[in-house]
Amino acid sequence: MASVTVRSSSHDYEVLIGKGLRHNLVEFISSGYTSILVITDSTVKDHYLQDVKESLSEATPVFTAVVPAGESSKSMVRYEELLDSCVDVKLDRKSLIIALGGGMIGDLAGFVASTYLRGIDYIQMPTTILAHDSSVGGKVAINHPKGKNLIGSFYHPVKVIYDIETMETLPESEIRSGYGEVIKHAFLSDEDWAHRLLKGKLSELSVKQLESDIMKGIQVKASIVEKDEREAGIRKYLNLGHTLAHAIEAELGYGEITHGEAVAVGLLFMMKLSNELKGAQLPIQAYKEWLDDNNYPVSVLTRIRPDRMLERMMLDKKTLRRKINFVLLHELSDPYVVEIEEAQLLEQMSLLINEVSGE
């Protein structure tokens, strides 16, 4: 088992990574909780909920709440239903919420924990590669129909327990989704790591490489979050690729493609902006080939209108005074934030869409 300590202003917490951790939760969770509510989704429930319930202390009452799988559950409706569950099972301030699932569950259950009784403890138990990003750093949120993660808060878990055996049941789309965030972390931090990823195929991933990539990604995220917990400065770099990604998700409908797949498409646009507008020499051709080799849904670009994307990006969290800010790269591992004119965004987006559609 490996571990990383994340330091935050409210408290430090451990990220534990290993095989079979879901069977030994009683070793990692304090016995001082009056009750535990495990929040999961309809897919993860069938694979891992029973294991988690059986591994918790019999002395502590354990309750469960299940929401439909998919990004559409990160909604006000599901949030309200989960608050009802908290009230129904009489959780108190010494209760614990366990977020068992991918990034959607982590965000949703974490937001419930942050607001119920003005905040109770919660533990992240990620079951996807994508959640190596969302489970660390204390951002919790639900979506608004007009934009992703517009309703949320900063609220850190008391622990992250990452059982990598849960990766074994992931469908191909979820592996792609996870590596959309993995390659983002590589682009932000390590040129050699980025080039190694670009040469690989996700269908040939070894367990050893997966564990290494997840650990590297968590370390990148933790190091940035510790320096800028509330996104006043360098934490904005973690939004690399996300400005367009969030707009695509909102426009197509949440769950139409996975978050990480949208991020991977957003990274392609980031590279184009960096190269065409700012003179960078990022390996955009190698990245396009990696996207194609690993079946990323780049063709979704042909289903969107540049003007609609511009409207959506105006709601991005980095937009200030109606000025759209993008995270770009001078070169791999050298990010910066820059304001880009609307006309330039429309032009570059139209060009990229034409390239993808073969026009």
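- Take Tyr162 and apply the ring pair (Phe, Tyr, Trp, His ring centres under 6.0 Å) test, not counting sequence neighbours, and it matches no residue.
- The closest donor-acceptor contact from the side chain of Asp163 to the backbone of Gly20 lies under 3.5 Å.
- Between the side chains of Gln348 and Gln344, not a single donor N or O lies within less than 3.5 Å of an accepting N or O.
- The backbone N or O of Leu100 lies less than 3.5 Å from a partner atom in the side chain of Thr40, making a donor-acceptor pair.
- Under 4.0 Å is where a charged nitrogen must lie from a carboxylate oxygen, and between Glu211 and Lys19 no such pair does.
- Of all heavy-atom pairs spanning Ala109 and Ile39, the tightest one is CB-CD1, 3.9 Å.
- Salt bridge status for Glu231 with Lys236: absent, with no side-chain N to carboxylate O gap under 4.0 Å.
- At least one side-chain heavy atom of Ser153 sits less than 4.5 Å from a side-chain heavy atom of Phe111.
- In summary, the side chains of Asp92 and Ser95 do present a donor paired with an acceptor at a separation below 3.5 Å, with no hydrogens or angles considered.
- No donor-acceptor pair closer than 3.5 Å links the side chain of Thr60 to the backbone N or O of Leu56.
- Taking 4.0 Å as the cut-off between side-chain N and carboxylate O, Lys74 and Glu249 do not count as a salt-bridged pair.
- Under a 3.5 Å cut-off, the side chain of Asp121 and the backbone N or O of Leu96 do not form any donor-acceptor pair.
- We find that Lys288 and Glu355 are joined by a salt bridge, their nearest charged nitrogen and carboxylate oxygen being less than 4.0 Å apart.
- Hydrophobic clustering (side-chain heavy atoms under 4.5 Å, transitive across Ile, Leu, Val, Met, Phe, Trp, Tyr) groups Val338 together with Leu310.
- Judged by distance alone, with hydrogens and angles left aside, the side-chain atoms of Glu14 form no donor-acceptor pair with the main-chain N or O of Thr5 at under 3.5 Å.
- A donor-acceptor pair under 3.5 Å is formed between the side chain of Tyr155 and the backbone N or O of Ile120.
- The ring pair (Phe, Tyr, Trp, His ring centres under 6.0 Å) search around Trp290 returns Tyr287, Tyr296, not counting sequence neighbours.
- Checked by atom type and distance alone, the side chain of Asp190 never pairs as donor or acceptor with a backbone atom of Ala186 at under 3.5 Å.
- Using a cutoff of 4.0 Å between basic side-chain nitrogens and carboxylate oxygens, Glu204 and Lys201 are not scored as salt-bridged.
- Remark: side-chain polar atoms of Asn24 are not paired, donor with acceptor, to backbone N or O of Glu27 under 3.5 angstrom.
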Evaluation steps, side chain to side chain donor-acceptor pair (under 3.5 Å), between Ser9 and Glu229 | CA-CA 8 Å; Ser9 58; Glu229 189 174 332; 3.1 Å; yes
Run the side chain to side chain donor-acceptor pair (under 3.5 Å) check on Tyr33 and Ser57 step by step: do they pass?
-> CA-CA 10 Å; Tyr33 291 111; Ser57 172; over 6 Å; no
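- Side-chain atoms of Arg176 never come within 3.5 Å of backbone atoms of Glu261 as a donor-acceptor pair (strictly under, hydrogens ignored).
- Two rings, from Phe187 and His185, have their centers 6.0 Å or more apart.
- The pair Lys184-Asp133 meets the salt-bridge criterion, with a side-chain N (NZ, NE, NH1 or NH2) lying under 4.0 Å from an Asp/Glu carboxylate O.
- Minimum interatomic distance between His156 and Ser10 (heavy atoms only, all atoms of both residues): CD2-OG, 4.1 Å.
- Electrostatic pairing of Arg305 and Asp307 counts as a salt bridge here, judged by a charged N lying under 4.0 Å from a carboxylate O.
- In this structure, Leu277 and Ile340 approach most closely via the heavy-atom pair CD1-CG2, 4.0 Å.
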Could you please spell out the steps behind the side chain to side chain contact (heavy atoms under 4.5 Å, CB included) verdict for His47 and Glu168?
-> CA-CA 11 Å; His47 291 292; Glu168 295 173 3; over 6 Å; no
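- Across all their heavy atoms, Tyr237 and Pro335 have their closest contact at CD1-CG, 3.5 Å.
- The two residues Ile129 and Leu210 come nearest to each other via the heavy atoms CD1-CD1, 3.7 Å.
- With hydrogens and angles disregarded, a donor-acceptor distance shorter than 3.5 Å links the side chain of Asp41 to the backbone of Val44.
- Donor-acceptor pairing under 3.5 Å is recorded for the side chains of Glu181 and His259.
- Using a 4.0 Å cut-off between a side-chain N of Lys or Arg and a carboxylate O of Asp or Glu, Glu71 and Lys148 qualify as a salt bridge.
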Decide yes or no on side chain to side chain donor-acceptor pair (under 3.5 Å) for Thr302 and Ser357, but give the supporting numbers first.
-> CA-CA 6 Å; Thr302 63; Ser357 61; over 6 Å; no
Going through the distances and angles, do Ile151 and Tyr79 end up as a side chain to side chain contact (heavy atoms under 4.5 Å, CB included)?
-> CA-CA 11 Å; Ile151 306 162; Tyr79 168 65; over 6 Å; no
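- Nearest heavy atoms, Leu16 versus Leu21: O-CD1, 3.8 Å.
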Test side chain to side chain donor-acceptor pair (under 3.5 Å) on His330 and Gln281 and set out the steps.
-> CA-CA 8 Å; His330 291 296; Gln281 295 184 351; over 6 Å; no
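- Comment: Asp84 does not engage Arg78 in a salt bridge, judged by the lack of any side-chain N to carboxylate O separation of less than 4.0 angstrom.
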